[in-house]
Structures are given as C-alpha cells and as structure tokens.
Amino acid sequence: MFRKILIANRGEIAIRVIRACRLMGIPNVAVYSDADRAALHVRMADQAYNIGPAAPTQSYLVMDKIIEVAHKAGADAIHPGYGFLAENWQFARKVEQAGLTFIGPPSESIRVLGDKLEARKLAVAARVPVVPGGPVNASELKKAEVLAEECGYPVLVKAVAGGGGKGMRVVESAAGLEKAVASSGNEARSAFGDDRVFIEKCIVRPRHIEIQVACDNFGNAVYLGERECSIQRRHQKLVEEAPSVFVDQDLRARMGKVAVEAVKAAGYVNVGTVEFLVDANKDFYFLEVNTRLQVEHPVTELVTGIDLVHEQIAIAAGERLSFTQDDIKIQGHAIECRICAEDASNNFIPSAGTVLSYAEPSGPGVRVDSGIKEGSEVPPYYDSLVAKLITYGADRGSAIKRMKQALAEYRVAGFVTNLPFHNLVMDTDAFVKGDLSTSFIQDNYPDGVIHPEPTQDMLEAAAIAAALAVYRESKRMRQVGKCDNKSTGRWKQQGLLAGVEKLQGGSW
C-alpha cells in the first residue's frame, strides 16, 4: 500500500479522499491556493502545502508544481479527485514519469477516452450504440450543413475535447447552424485549445443514465448499477439518484455489459463512469466515459455498500477488486442534491462570500459531504459546488421524504445557495413520479425557478447568525485596537440588515 497520498484538489472531494486515507491508515497531503489558506480541507489534512495564487491556472492546474510538492512531502501517489487535472492525460503521464502512482486509469486510457472522437471510434468497434453524427472543424460550414441534414434536426453541436457542457449548443433548424458551430468552436478553443466540434442527432427529452464501472490490473471488470442524472442546468448535473426508476433489470444488464466492454476496449483500470442517453423506448446511446471518480459517487456507495474511493486507492496499489459481479446487489434507494453557491432564481448565477452560520442535517439515512464550515470563505474562483446532501431509504419514497426533511434542516447563511431549488424539486409532481429528462428544468419551470418567500422564523435566524458573525469580528477588531464601541454598534446594525437581505435572496 502507499506510503503517503497527495490530493491534487480542494473542497469536499479533497476531504472525502482524506477520510478514505485515514480509514486505510495512509498519511495524506493537501495542496491549497492563497484563497484556500484557511479552507477546511487544509485544516483536516496531515500536511498542507501552498501552491500559488487563487487563479487555478497559477495553482491547482500547475502540473509541475503539484508533482514537486508530492516529492517534497514524500508522497508516492497522487489522487486527482474530480475537476481540475483529474481527466488530463498529460498530468497523469507526468505523474507516471515522475515515478509516482496516479490514482486513476493509465494516461493512455485517459487520452483516448477524453477525446470524443477517439472514444466514439472505440465504442463503435466494441459495438456500443452511438448517436448518429460526426466531427467537423468550426470553419467547415458546408460539411456541417450536410452532416446536420443527415442526422435530422434538432442536432447537438458540442466540443470534441473536454466536457462539462462547454461549447454545447442545441440547433433546432438549419438557420441557426452557422452561428452555433462558430460559437461552439470559439468556446471550445478558449476552454480546451481545440476548436473541433461534433454534430450529432439531438435525442428529444432523453434521460441521462450512467453506469459505474470498476476494473483492476488482473482483467477483472464489473459494473455497479446505474445512476439517474437527468436534472441538469447548462448540461451540468444537480440531482442524482440510484437506481433509476426507469431502468429495469434487463436494461441494467444490457447497459452494464456494454459499459464494461467499452472500458475494457480502452485498457481501462480503476473506477470510471460510462454515460448514456436513453430515450422513451429504452434505446440507449453512448455519450462519453468519465475517467475519474464522479461527484455523484455517494449514491452508488449507499445502494451497493462499496466504498469507491477505497477501491480506487486499492486498485492503484495493485490489489484485485474486492468483489465480483455476482457480489453486486442493489438495495434501497439513494438521492443526492448538489449544494452550490448559486442563485437558481437568477439563472443559477454563482455566488460567493463568508459562511456566517452553518448547520448540517443529520439522522438515519442522511449523509453530508461538505467542504465548508462556519467562518469558511467561498471564493469566486472555483466551481460553485460547496457540499453534497445524500439521503438513503428502503425505497424511493422514503429517500425523498428524508431528503425533504434534511433540506428543511440544512442552514447556510452568508451567501446565496440553491437549497430553495432542491426544496422545489422534491415537491414537483414530475420528480415524485419519476418523470425525468434532461429538459426537466425547462419543462417544469418554464417561467424560471421562483422561490417561495422565507418564513419569519428563517428571517429571524438569519438576523441572529449575521449579528453573531459581526459580534465576533468586532471583538477581534477591538482586540487589535482597530475599532471602538460606536463603530461596533454601526457594524451590528449593518450586519443584521445584511443577514436578512441575503436570506431574502435565497441563502437558505
């Protein structure tokens, strides 16, 4: 097993890996930017090293700096988490060349599967169903027009490289194709340095279903059921659950078999996810392979009883899978809500600030993976995800009931969160019935997401939280001789008003 693991990430996923390391008795090392100097993952780690300014391009994305810290700290393995460098094959190769272990698939597998064209070729060779379509350069308008006509409108234009919804456009007719191809190519070039785009048939109201896979170095490969990830904004997931109410045993087995064949064809090792679009007739189409741990991995952990981060580390250390396909049993139901610093009522615009007050829900079947606590700073430089709330029940109905209660107990003050949005989803008839698709938000909230007015109790709680935060700050300032009682009184009054205003903006 490893001597020490460096975690090349931040926030809740860094903390998740730290906890797995501790359970396995492996010392861990955190890295942090200037903006994350006092972050929770830094405080929890056995060791922590500063790697530069707040901007990711000067800290979390600087490959050589992270590898240098790993050597300095005496780490012999690097866990990338998700996001940042997790799916960067060049980083994985640099880690390998530096004599360290990359806790993830081989760099060549990441390279092949990270390129949508290469991944599609592999899928076709492995007889995995794919959506009709093909690649074009952003300047090849005539070729794009022919390809779109062959696919039939509506079509989806997306970047060949990268993911996360970057460069993705839905085109309803030929009139909008030229603009979509140009803008998609420009965005792809800016985000990934590659302006190639892919045009494919747009499946109307599909479900986004993904299959969790795990492969070791001894040729063993299994699938661990599916996750429903159809509730999304800007092609990024917000609510996930396992299993899917739409997937029966036959469809699960067929998708699982295809997923395993796809990753084995790429020489894949470690855990990963094969994503599919599934139409109303239960025909499924290969979308992509995520060559990393997924944000939504906790729902799979809860319904299978398998610690996926433990498996990642064990596989990377050269161990065999600790289970076989026959060992995988799906029991109960789990739902995850991504708690993000963003305002759902204002087109999910990101938010930032200081956590004035923080209280997590608890109780049977409730899990919180969080990267913040009271006093934490939520900087504007990174992804808006700050925590994940997961509930588990014997069936979907009980998991929803626990989620509603947990959401009601969750308290975050100091910046705007999407907690009100999740409350709204849990009470939406379509969600309760399992009538889901990737257009769920547009279909169910055509006038936008409108939050209910906060209750008087909530307003009073926000005011108290703000007053306490201002009191603590004013006390600290008095200790260093930088304020007087008169100015403290003004701060308290302003703090109370600020707390109420932030709550009315949707902070709870």
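Along the sequence shown, residues carry numbers from 1. We use all heavy atoms of the structure for the numbers below, so side chains are in, but hydrogens, waters and symmetry mates are not.
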- request: Test salt bridge (charged side-chain N to carboxylate O under 4.0 Å, His left out) on E200 and K158 and set out the steps.
  value: CA-CA 8 Å; E200 67 182 21; K158 60 184 182 181; 3.2 Å; yes
Listed partners of E226 passing side-chain hydrogen bond (donor to acceptor under 3.5 Å, both in side chains), at least two apart: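 Here the qualifying residues are R252.
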- request: Could you give me the CA-CA distance, side-chain angles and deciding distance for F323 and T304, then say whether side-chain contact (heavy atoms from CB on, under 4.5 Å) is met?
  value: CA-CA 11 Å; F323 48 83; T304 62; over 6 Å; no
Would you mind reporting whether [Y] and [X] have side-chain heavy atoms less than 4.5 Å apart?
| X | Y | answer |
| --- | --- | --- |
| E228 | E240 | no |
| V69 | I51 | yes |
| H333 | S398 | no |
| H41 | Y32 | yes |
| L85 | P80 | no |
| I26 | I313 | yes |
| V368 | I390 | no |
| V355 | K373 | no |

Once rounded to the nearest 0.5 Å, what's the spacing between atom [atom1] of [X] and atom [atom2] of [Y]?
| X | Y | atom1 | atom2 | answer |
| --- | --- | --- | --- | --- |
| N270 | L308 | CG | CG | 10.0 Å |
| S59 | K65 | OG | NZ | 7.0 Å |
| L389 | I335 | CG | CD1 | 10.0 Å |
| D383 | I13 | CG | CD1 | 12.0 Å |
| S322 | I306 | OG | CD1 | 6.5 Å |
| L238 | C229 | CG | SG | 11.0 Å |

What's the shortest heavy-atom distance between [X] and [Y], and which atoms?
| X | Y | value |
| --- | --- | --- |
| L113 | A119 | O-CB, 3.7 Å |
| I209 | S244 | CD1-OG, 3.7 Å |
| V213 | T273 | CG2-N, 4.3 Å |
| N418 | C340 | OD1-N, 2.9 Å |
| A214 | L321 | O-CD1, 3.6 Å |
| S184 | A159 | OG-N, 4.2 Å |

field: Candidate pair F421 and F348, rule ring pair (Phe, Tyr, Trp, His ring centres under 6.0 Å), full reasoning
entry: CA-CA 10 Å; F421 167 77; F348 295 93; 5.3 Å; yes
Pair [X] + [Y], salt bridge at N-O below 4.0 Å:
| X | Y | result |
| --- | --- | --- |
| R367 | E336 | no |
| D369 | R338 | no |
| R37 | E377 | no |

- request: Just do the salt bridge (charged side-chain N to carboxylate O under 4.0 Å, His left out) check on R111 and E108 with the steps written out, would you?
  value: CA-CA 5 Å; R111 186 193 69 78; E108 182 60 15; 2.7 Å; yes
- request: Begin from the C-alpha positions of L40 and I15 and carry the test side-chain contact (heavy atoms from CB on, under 4.5 Å) through to its verdict.
  value: CA-CA 8 Å; L40 189 55; I15 292 171; 3.7 Å; yes
Kindly say whether [Y] contributes a backbone atom to a donor-acceptor pair with the side chain of [X] at under 3.5 angstrom?
| X | Y | result |
| --- | --- | --- |
| R207 | F246 | no |
| R402 | Y392 | yes |
| R292 | G81 | no |
| E360 | Y410 | no |
| N28 | D46 | yes |
| D216 | I315 | no |
| T291 | I110 | no |
| N88 | F84 | no |
| S370 | I372 | yes |
| N50 | G52 | yes |

Checking side-chain polar atoms at under 3.5 Å, does [X] have a donor or acceptor matched by the opposite partner on [Y]?
| X | Y | answer |
| --- | --- | --- |
| H208 | Q232 | yes |
| D195 | N186 | no |
| R227 | T300 | yes |
| E275 | Q294 | yes |

task: With salt bridge (charged side-chain N to carboxylate O under 4.0 Å, His left out) as the test, would you mind laying out the steps for K257 and E261 before giving the verdict?
output: CA-CA 6 Å; K257 182 175 182 292; E261 290 174 350; 2.7 Å; yes
query: Only one of K116, E210, R120 forms a side chain to side chain contact (heavy atoms under 4.5 Å, CB included) with E288, so which one is it?
result: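 For E288, the side chain to side chain contact (heavy atoms under 4.5 Å, CB included) check succeeds only for K116.
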field: Criterion side chain to side chain contact (heavy atoms under 4.5 Å, CB included) against F276, the qualifying member of L287, V131, V128
entry: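 It is V128, the one option of L287, V131, V128 that forms the side chain to side chain contact (heavy atoms under 4.5 Å, CB included) with F276.
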- prompt: Looking at Y382 versus Y60, is the centre-to-centre ring distance below 6.0 Å?
  reply: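 Here the rings of Y60 and Y382 have centres that are less than 6.0 Å from each other.
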- prompt: Please walk me through it: do C215 and V263 pass side-chain contact (heavy atoms from CB on, under 4.5 Å)?
  reply: CA-CA 9 Å; C215 314; V263 293; 3.8 Å; yes
Whether over 12 other heavy atoms sit under 6.0 Å from [X] [atom1]:
| X | atom1 | value |
| --- | --- | --- |
| K4 | NZ | yes |
| Y381 | OH | no |
| K264 | NZ | no |

task: Decide side chain to side chain donor-acceptor pair (under 3.5 Å) for E342 and S351; before the verdict, give the C-alpha distance in whole Å, the side-chain angles of both, and the deciding distance to 0.1 Å.
output: CA-CA 5 Å; E342 58 188 31; S351 175; over 6 Å; no
- prompt: Step by step, would you call F431 with V239 a side-chain contact (heavy atoms from CB on, under 4.5 Å)?
  reply: CA-CA 10 Å; F431 176 77; V239 180; 4.2 Å; yes
task: If a pair satisfies salt bridge (charged side-chain N to carboxylate O under 4.0 Å, His left out) and one of its residues is in residues 302-327, list it, with sequence neighbours excluded.
output: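 Every pair satisfying salt bridge (charged side-chain N to carboxylate O under 4.0 Å, His left out) with a residue in residues 302-327: R16-D307.
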